[in-house]
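Throughout, a chain's letter reflects where its sequence line sits, starting with A, and its residues are numbered from 1. Computed over heavy atoms, backbone and side chain alike; hydrogens, waters and symmetry mates excluded.
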There are 2 protein chains.
Amino acid sequence: MDEKSLRILSAIAKQKTGSPDRIAESTGIPKSTVHYRIQQLKEADVIENDLFDVDLEAVGLSITLFSEVRAEFEEGYHETVGDELAEIEGVNQVYFTLGDTDFVVIAHLASRQEVERLVEAFEGIPAVERTSSKFVITTVKDESDPIADYETETLVDLLGESGDT
Amino acid sequence: MDEKSLRILSAIAKQKTGSPDRIAESTGIPKSTVHYRIQQLKEADVIENDLFDVDLEAVGLSITLFSEVRAEFEEGYHETVGDELAEIEGVNQVYFTLGDTDFVVIAHLASRQEVERLVEAFEGIPAVERTSSKFVITTVKDESDPIADYETETLVDLLGESGDT
DNA sequence: ATTGAAACTTGATCGTT
DNA sequence: AACGATCAAGTTTCAAT
């Protein structure tokens, strides 16, 4: 991972396209080189896939639910609980966190009924002790792909430590 | 938004590609029709853009930070505070939530120093009262695009209410 | 590893139903 | 609005550096 690859990644994120042509144009790097690099990045699983940004409102998933799920567990139990949470229909993200050692669950849902269904499902898991939920009123910012957030040079600085091609 | 468009959206999410060819192949809908529908969806801003999934670990952004930011404010102040939070370098998502009426901030960062910088930046905002942060240890699930999570038929059911072409 | 140019694959367009 | 055939545009490969 070197400066050139980061410039390409940054350009992809900024222009929100992976087209070799457009990336070549904006970076000044020839398109066959861009292509070559993107291949490498895919092979190294740095880039996983390309997909579309979907407007959640437009498809009816207008409710964003944050839940903190606290669970009582023995050693290793958290993986099981995490997986169980992840499998619930409608759950999009599950994080196991340090500190309070509980789960943060994020879901995008279509109706209040869906919310109720989810909370019930959470509490249906034996190990789950307590859940607390909050709804999103306004999404101030949703830049799920963070690469564009950093200036290329910042990234280069940050990555000065690990160095392999 | 009808059943056919949803089948297409679902296929896009599942196969993680927007290629008319591949969507046509998997849905049985002719590719020129798929193309036509995707155009419509783009025009209606249902599909916003295509982009790449980037492995955050691989680019050095291995720390995920959740922060709850509580702010004291008068009427309308929350937009200002939300924007200020969103502008901080490294912040990826900012939600204003109901219930405790505070902000949830999600950031992907490269180092502890970055974490400290962020927390300081949060607390540098005059209206901010209190912040509490937690780190992600394990990402159990990260399906940022939720469409694939729902079976097509579930989506069709959910969308039975609103109907425009 | 990089590149320019050639070869090919794919997405976008057009005309018909 | 849907679709099959056509065209334009794009990506991928190749050979040379």
Separation of C:dA1 P from A:E43 CD (nearest whole Å) = 11 Å

What residues in residues 26-36 of chain B put a non-hydrogen atom under 4.0 Å from any atom of DNA chain C?
-> B:K31, B:S32, B:H35

Under 30°, 30 to 60°, or over 60°: which ring-plane class applies to A:F66 and B:F66, parallel, tilted or perpendicular?
-> perpendicular

Closest listed nucleotide, where the reference is the side chain of A:S19 and the choices are C:dG11, C:dT2, D:dG10 = D:dG10

When rounded to whole Å, the CZ to C1' distance for the pair B:R37 and D:dA2 reads 9 Å

salt_bridge(B:R130, B:D102) N-O dist < 4.0 Å = no

Is the shortest side-chain N to carboxylate O distance from A:R117 to A:E114 below 4.0 Å?
-> yes

So which heavy atom on A:L118 is nearest to which on A:A107, and how close?
-> CD2-CB, 3.5 Å

Starting at atom CD1 of A:I38, determine the distance to atom C1' of C:dT2, rounded to an integer number of angstrom.
-> 15 Å

B:R22 side chain near C:dT10 phosphate (N/O to OP1/OP2, under 4.0 Å) | no

Using only side-chain N and O atoms of B:Q39, determine if any of them is under 4.0 Å from OP1 or OP2 of C:dT13.
-> yes

Atom CG of B:D2 and atom P of D:dA1 are separated, to the nearest Å, by 10 Å

Which nucleotide, C:dA12, D:dT11, D:dC3, lies nearest any side-chain atom of A:D21?
-> D:dT11

Side-chain donor-acceptor pair under 3.5 Å between B:S5 and B:Q40, yes or no?
-> no

Roughly how many Å is it from CG in B:D50 to P in C:dG11, rounded to a whole number?
-> 12 Å

Decide yes or no on side chain to side chain contact (heavy atoms under 4.5 Å, CB included) for A:T131 and A:V69, but give the supporting numbers first.
-> CA-CA 4 Å; A:T131 65; A:V69 176; 4.0 Å; yes

